[in-house]
Amino acid sequence: MSSSLWVEQFSERLQHIHQTLPSTVKLIAVSKQVSAAAIRTAYELGIRDFGESRIQEAAEKQIELADLPDLTWHLIGHLQTNKAAKALELFDWIHSVDSLKLAQRLDQLATQRLQPPKICLQVKIRTDPNKYGWTVSELLEHLPDLDRCSHLDIAGLMAIPPYGLPETETRAVFEQTRQLAEQIQQQPWNHIRLRELSMGMSDDYPLAVQAGATMIRLGRTLFGSRETT
Ligand SMILES: *Cc1c(COP(=O)(O)O)cnc(C)c1O
């Protein structure tokens, strides 16, 4: 495809999404497997928030894009504890904090920072062997320990419904994620201040937005389908 056609299509898709999206919802362009050049084009069309799944891939692109001053990088993929320091260097947001051990490691690493790193807790509302994340009961049990992570800004919940659920079920997962956040915030925590709901991808984001998503993570519907690897 010629690059001007690609830009035109991208721009049309972006306009369409913006028309249907409340202005309070942050659009994160998921740029995994997308080139730095395509990210630059997205930037020129106004996107500032980009989501990546892998540390190494993000690091390489960030070097190529170092001249763009005002990018916000979101880590959306599973993070191994031994890469936590690198993740804090590269990302403004970590959506995929999925264990107490990882949260505590990030907290420890963040003691020297002026701004606490912004994180979301990844929850599994439905059992899903293919996904990382806390089950509801595990999360509720770990909240007191999480609240002692005083160097983190525990800002939201992140959810990914299991692949292939019927629409009513997907909607229910998003609704239950919002209700869980509301339930958690009814208690007087010191460091848990859930105000973001990171949920909704290309196939389901309208449902997520209706259920109260504040950040949606869109890949294919913006950049076109990824090469399968
Ligand atoms: C890949 C990915 C997305 C984007 O998925 P699309 O279906 O391409 O929109 C969003 N969130 C996470 C966690 C992902 O891994």
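Note that these values count all heavy atoms, side chains included, but never hydrogens, waters or copies made by symmetry. Atoms within each ligand, like the ligands themselves, are counted from 1 in listed order. Everything quoted here is computed from the prediction, not taken from an experiment.
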For ligand 1, which atoms, with element, lie under 4.0 Å from some heavy atom of Leu218? 9 (O)
Residues two or more places apart in sequence or in another chain: which of them pass side-chain contact (heavy atoms from CB on, under 4.5 Å) with Ser137? Thr135
Before accepting this row, confirm whether a basic side-chain N of the pair Arg171/Glu167 lies closer than 4.0 Å to the acidic partner's carboxylate O. yes
For ligand 1, is any non-hydrogen atom under 4.0 Å from Lys32's backbone (N, CA, C, O), its side chain (CB onward), both, or neither? side chain
For ligand 1, is there an atom lying under 4.0 Å from some heavy atom of Asp203? no
Regarding Lys101 and Asp145, does a basic nitrogen lie under 4.0 Å from an acidic carboxylate oxygen? no
For ligand 1, is any non-hydrogen atom under 4.0 Å from Ile76's backbone (N, CA, C, O), its side chain (CB onward), both, or neither? both
When you compare ligand 1 with Thr221, is there at least one nitrogen or oxygen pair between them that comes in under 3.5 angstrom? no
Can a salt bridge be assigned to the pair Asp70 and Arg48 using a cut-off of 4.0 Å between side-chain N and carboxylate O? yes
Give the residue and atom name of whichever protein heavy atom lies nearest to atom 5 (O) of ligand 1, and the separation in Å to one decimal. Met201 CE, 3.6 Å
Please determine if Arg178 and Glu182 form a salt bridge, counting it only when a charged side-chain N lies under 4.0 Å from a carboxylate O. yes
Salt bridge or not for Asp49 and Lys26, using N-O below 4.0 Å? yes
Please indicate whether any nitrogen or oxygen in Ile160 is less than 3.5 Å from any nitrogen or oxygen in ligand 1. no
Ion pair present between Arg40 and Glu64, side-chain N to carboxylate O less than 4.0 angstrom? no
Heavy-atom contacts with Arg220 under 4.0 Å: which atoms of ligand 1 show up? List them by number with element. 6 (P), 7 (O), 8 (O), 9 (O)
Check ligand 1 against Arg217 and write out every atom of the ligand that is under 4.0 Å from a heavy-atom position of the residue. 4 (C), 9 (O), 10 (C), 11 (N), 12 (C), 13 (C)
Atoms of ligand 1 under 4.0 Å from any heavy atom of Ser202, numbered from 1 in the order shown, are 6 (P), 7 (O), 8 (O), 9 (O)
